[in-house]
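What follows is a short report on a single structure.
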Number of protein chains: 2
Amino acid sequence: MNSTFGLQRQPLHTQVAEILRAQIVSGDLPPGERMNEVALCEALGISRTPLREAVKILELEGLVTIRPHKGAMVSEISLRDIGEIFDLLAPLEALGTRLALERMTAEERTGILDLHDRMIGCYEANDREGCFQNDYRFHNTMIELARHDVLRATHTGLTNRSQRGRYLAPRFSQPKLDEAMAAHVRLIEAVRADDIDAAAEIMFDHVRCTGEFVLDTLRQSNLAK
Amino acid sequence: MNSTFGLQRQPLHTQVAEILRAQIVSGDLPPGERMNEVALCEALGISRTPLREAVKILELEGLVTIRPHKGAMVSEISLRDIGEIFDLLAPLEALGTRLALERMTAEERTGILDLHDRMIGCYEANDREGCFQNDYRFHNTMIELARHDVLRATHTGLTNRSQRGRYLAPRFSQPKLDEAMAAHVRLIEAVRADDIDAAAEIMFDHVRCTGEFVLDTLRQSNLAK
DNA sequence: TATTTGATGATTGCATGCAAAATGATGGCA
DNA sequence: TGCCATCATTTTGCATGCAATCATCAAATA
């Protein structure tokens, strides 16, 4: 774990935060789960100090809720939270799209076009999971290409939380998936035409629409509060 | 402070984080200042554990930079950072304006109109400091009225960082101040007319313009890197 | 029986101690 | 003189210990 020359040049609390973050985002640690310090420490093979530091970090990220003297638990994820997160993601991804189109190189441009094609490939092959994976990568790549530290940091914080909805809402309905894919196609057309305004607007609507849909699915399945 | 039955049930690390945050935002702790753990602990009269937890929190907020095994320092604030922060603030405050206009009550509406009048009063009395104070309150109030937790949290994180520019750029030029006040007047007109789209757009341009101006001032004074 | 009080065990919050890493200084060698 | 190696000091990172707080439950009282 430590080997492969990557060595161990990361503090314990950072590594612990990464591990716990991954487990929470993936739903491995379910919402509401109590996080007993000593139990987690034994499981991770560390002492309470770095664990507590990690938990504080996750609290600020909105993944953990701490009540003083009562302990930490995995944050509940409410419909309202998810809706609010997408409220912010829409304008932020629109901004990211705008910047990415302005700043990306020709190679990066072909890279993101490839990513789109791969996603469409999965879509046409009815590979929903592949579709999601590539969609996720597509949006993240777009933000990366914006070369904007504050945007990236804010975006990852929000997507980490929104991703928690995924495991609650496992199935997109076909019409909504069709709609999302159509939006991506239109977006790529705007990218090819270098129409920044159009691309930003399409992205805004697409993210907003995705948010609406996640909310609908959650409301149906009744899994979140 | 403790009284009125609300008692004093706040953990040490939270209080310490608040104190340090205030000192950093106000410029009391200048950018680049090394934060020696034992020195700070003695100054605050606490042990290293809660201090370290507080510093971790401030790191995630972007106010502190930690290099492993080398210690923490107050984050440098770069021109690029400030520009990026305003890049996000513009669309977020526009969103906040939109939501606030939709959701605020009649009393809240008169409250924010009063706040505006007070600011204009300071402006006409050439009270720049009062102007800033009320402007700051105005924007914060607008975000509060949006009743949107994720927006509020993100917004405070960003303004805490942008505020650090204030002490670097103490003087707005008169023309820019005039421009900002004019924008506020137009914004309030839109509020009175209940024209949500117009208000959001004016707010967007206003924040963006403020960002541009802070950058200009900083570039002149050559205080930030 | 229902409600409250007291005691016990578990859990968190903070302080302290110890080992590893980094910084700075000193001395040897070219 | 200049450079590198080595060692001492400082500082951080993590582990552990102790006190304060909370949760649970049984006993006592109305």
Side-chain angles (χ1 to χ4, degrees), chain A residues 1-3 5-21 23-24 29-76, chain B residues 1-3 5-21 23-24 29-76:
Chain A
M1 192 131 307
N2 168 350
S3 46
F5 281 63
L7 289 171
Q8 180 80 357
R9 309 281 314 145
Q10 250 191 342
L12 254 188
H13 55 83
T14 306
Q15 301 180 52
V16 171
E18 274 176 30
I19 294 174
L20 293 178
R21 186 182 299 117
Q23 293 191 346
I24 293 175
L29 280 173
E33 180 92 343
R34 287 215 57 215
M35 300 174 73
N36 183 293
E37 291 186 0
V38 288
L40 273 175
C41 286
E42 284 177 12
L44 293 166
I46 59 171
S47 92
R48 287 175 52 216
T49 308
L51 177 84
R52 286 174 58 83
E53 292 178 351
V55 168
K56 293 280 178 307
I57 292 172
L58 296 176
E59 186 196 21
L60 207 70
E61 293 179 5
L63 298 176
V64 162
T65 305
I66 300 180
R67 277 169 310 177
H69 292 285
K70 289 185 161 186
M73 55 176 243
V74 179
S75 291
E76 302 281 357
Chain B
M1 192 134 302
N2 168 351
S3 48
F5 286 64
L7 292 170
Q8 168 73 3
R9 313 247 338 110
Q10 247 194 344
L12 255 187
H13 54 82
T14 306
Q15 302 180 50
V16 172
E18 274 175 30
I19 293 174
L20 294 178
R21 186 183 299 116
Q23 294 192 345
I24 294 175
L29 280 173
E33 180 92 343
R34 287 214 58 214
M35 300 173 72
N36 185 294
E37 291 186 1
V38 288
L40 273 176
C41 286
E42 285 176 13
L44 292 166
I46 59 171
S47 91
R48 288 175 51 216
T49 308
L51 178 84
R52 284 174 59 83
E53 292 178 351
V55 168
K56 293 279 178 307
I57 291 172
L58 297 176
E59 185 197 20
L60 206 69
E61 293 180 5
L63 298 176
V64 161
T65 304
I66 300 180
R67 277 169 310 176
H69 293 284
K70 288 185 159 189
M73 55 177 242
V74 179
S75 292
E76 301 281 357

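In what follows, chains are A, B, ... by sequence order, proteins preceding strands, each numbered from 1. Just so it is clear, the structure is predicted and the values come from calculations on it, not from any experiment.
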query: Rounded to the nearest 0.5 Å, what separation is found between the CG atom of A:L51 and the CD1 atom of A:I19?
result: 10.5 Å

field: Derivation of the side chain to side chain contact (heavy atoms under 4.5 Å, CB included) call for A:V55 and A:E37
entry: CA-CA 10 Å; A:V55 168; A:E37 291 186 0; over 6 Å; no

query: Can you tell me how far P of C:dA21 sits from CZ of B:R67, to the nearest Å?
result: 18 Å

message: Using whole Å, what does the distance between atom P of nucleotide C:dA10 and atom CD of A:E42 come to?
response: 13 Å

Nearest-nucleotide comparison on DNA chain D, the residue closer to the 5′ end among A:H13 and A:H69: A:H13

statement: Comparing nearest nucleotides in DNA chain D, the 5'-proximal residue of the pair A:G45, B:G71 is B:G71

Using side-chain heavy atoms (C-beta onward) and a distance below 4.5 Å, is [X] in contact with [Y]?
{"X": "A:T65", "Y": "A:E76", "value": "no"}
{"X": "A:I66", "Y": "A:K56", "value": "yes"}
{"X": "A:T49", "Y": "B:R52", "value": "no"}
{"X": "B:I57", "Y": "A:E59", "value": "no"}

- prompt: What are the 5'-most and 3'-most nucleotides of DNA chain D lying under 4.0 Å from any heavy atom of chain A?
  reply: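 Listed 5' to 3', the contact boundaries are D:dC14 to D:dA23.
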
task: Return no unless some side-chain N or O of A:N36 is found under 4.0 Å from OP1 or OP2 of C:dT11.
output: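 It does, given that an N or O in the side chain of A:N36 lies less than 4.0 Å from OP1 or OP2 of C:dT11.
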
- prompt: Using a cut-off of less than 4.0 Å, is there contact between a side-chain N or O of B:K70 and OP1 or OP2 of C:dT23?
  reply: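 Looking at the OP1 and OP2 atoms of C:dT23, one of them is under 4.0 Å from a side-chain N or O of B:K70.
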
- request: Check whether any side-chain N or O of B:Q15 sits under 3.5 Å from a backbone N or O of B:Q10 as a donor-acceptor pair, and report yes or no.
  value: yes

field: Partner residues of A:E33 under the salt bridge (Lys or Arg N to Asp or Glu O under 4.0 Å) criterion, sequence neighbours left out
entry: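 By the salt bridge (Lys or Arg N to Asp or Glu O under 4.0 Å) rule, A:E33 matches no residue at all.
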
task: Check DNA chain D against residues 47-58 of chain A and give the residues with a non-hydrogen atom under 4.0 Å, in numerical order.
output: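 A:S47, A:R48, A:T49, A:P50 - these, ordered by number, are the residues of the stretch whose heavy atoms sit under 4.0 Å from the strand.
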
